[in-house]
Amino acid sequence: MTTDFSSLAQLHSYSLASYWDARYVLSDAHTVFDWLQPAQAFFDILSPSLESNDEILVVGCGNSDLIRLLYQNNYCLLTAIDFSEVLIHQQVKRYEQYPEIEFTMMNMCHMTYPNGNFNKIIDKGSMDCLLTNMSTAPFEQALGEVYRCLKDGGCFFSLSHACERVRLSHFEVYNWDIRVFPIKRVTSRAVEHVTATPLPSTDYHYLYVCVK
């Protein structure tokens with residue numbers, strides 16, 4: 001399934017909790033939807049870099065199937081946040097048999113966790129959404145929070161629609177080692193979203209791996 005988003009007003013709405021609350025009201029605790037890459041494909045890429053004792057934070061978790069895959073593959077120290085209250089209630093219900101998973105309504109731009117709290121932080125398209133409001137400030141705030149909450153030696157994985165030319169400079173404001181991996185699109189399963197700045201057409205998504 002693919003969607004052509006031509007309206008800047010619609011793009012801007014992706015950075016607003018009210019938009020996502022209204023969207024998730026139309027779904028339920030059993031609904032699964034994955035942006036960009038299918039959850040299984042993304043998990044297969046991430047898993048070699050994960051340890052079973054990692055404290056993992058998933059930001060802007062949505063109703064992706066990634067949380068289930070992480071937990072069922074023994075990555076059980078999981079925290080997932082989203083700024084949609086409707087979504088968080090649905091996820092708590094969906095994963096009620098897994099009480100160890102902590103779901104919290106929280107804006108990734110203003111996280112309340114202590115410094116250096118997580119070994120791994122995972123973003124699957126949420127950072128892209130923050131750039132749809134015509135300002136880089138929310139993206140910069142969220143990235144600063146990610147950097148603050150990551151342990152020294154920890155890793156931030158960010159899956160994006162945006163290529164290095166468009167996105168790399170945003171990440172380079174912090175002192176971490178950055179690697180970029182192009183990932184072939186799976187358009188039959190993914191729904192694309194773009195930033196407010198039109199991006200060149202590409203057959204790839206991009207995984208930014210940032211080690212603090």
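Throughout, numbering of the chain's residues begins at 1 and tracks the sequence. Only a predicted model underlies this, so the values are computations on that prediction, with no experimental measurement involved.
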* Asked: Is the closest side-chain heavy-atom distance between Val58 and Thr79 below 4.5 Å?
  -> no
* **Path from Ile101 to Leu77 over hydrophobic side-chain contacts below 4.5 Å** => no
* Asked: To the nearest 0.5 Å, how far apart are CD in Glu140 and CD in Glu145?
  -> 13.5 Å
* To do: Give a yes/no verdict on a cation-pi contact between Lys212 and Tyr147, requiring under 6.0 Å between NZ or CZ and the six-membered ring centre and an angle within 45° of the axis.
  => yes
* Beyond-backbone contact of Ile81 with Met108, side-chain heavy atoms, under 4.5 angstrom -> yes
* Structure fact -> dist Tyr98:OH -> Gln91:CD (nearest 0.5 Å) comes out at 12.5 Å
* Name the orientation class of the two ring planes belonging to Tyr113 and Phe118 (parallel below 30°, tilted from 30 to 60°, perpendicular beyond 60°). => perpendicular
* To do: Give a yes-or-no answer on whether the side chains of Glu100 and Tyr71 include a donor-acceptor pair shorter than 3.5 Å.
  => yes
* Asked: Strictly by modelled atom types, are Gln37 and His205 linked by a side-chain donor-acceptor pair under 3.5 Å?
  -> yes
* Flag the pair Asn115 / Asn117 as yes when at least one side-chain heavy-atom distance between them is below 4.5 Å, and no otherwise. => no
* Does the gap between the ring centers of Phe157 and Tyr208 come in under 6.0 Å? -> no
* To do: List the steps, then state whether side chain to side chain donor-acceptor pair (under 3.5 Å) holds for Asp128 with Ser160.
  => CA-CA 6 Å; Asp128 280 6; Ser160 175; 2.8 Å; yes
* Run the salt-bridge test on Asp54 and Lys151 with the 4.0 Å N-O cut-off and return the result as yes or no. => no
* Asked: Have Ser52 and Asn74 got a donor and an acceptor in their side chains that come within less than 3.5 Å?
  -> no
* **Cationic tip of Arg23 above Phe33 ring, under 6.0 Å, 45° of axis** => yes
* Would you check, one step at a time, whether the test side-chain contact (heavy atoms from CB on, under 4.5 Å) holds for Tyr204 with Ile183? => CA-CA 5 Å; Tyr204 293 89; Ile183 303 172; 5.7 Å; no
* Structure fact -> Here the gap from Ser126 atom OG to Leu131 atom CG, rounded to the nearest 0.5 Å, amounts to 11.5 Å
* May I ask you to decide whether Asp203 forms a salt bridge with Arg185, counting only side-chain N to carboxylate O separations under 4.0 Å? => no
* Asked: Is there a donor-acceptor contact under 3.5 Å linking the side chains of Ser84 and Asp21?
  -> yes
* Answer whether the closest heavy-atom distance between the side chains of Ile122 and Leu70 falls below 4.5 Å. => yes
* Asked: Are any of the side-chain heavy atoms of His161 and Val166 separated by less than 4.5 Å?
  -> no
* **Check against salt bridge (Lys or Arg N to Asp or Glu O under 4.0 Å), Asp65 and Arg94** => CA-CA 11 Å; Asp65 205 30; Arg94 178 185 176 193; 2.7 Å; yes
* Asked: Should the pair Glu96-Lys93 be classified as a salt bridge under the 4.0 Å nitrogen-to-oxygen rule?
  -> no
* Sub-4.5 Å side-chain heavy-atom contact between Lys120 and Leu57 -> no
* To do: Take Tyr95 and Phe103, measure what ring pair (Phe, Tyr, Trp, His ring centres under 6.0 Å) needs, and give me the verdict at the end.
  => CA-CA 9 Å; Tyr95 291 99; Phe103 287 98; 5.4 Å; yes
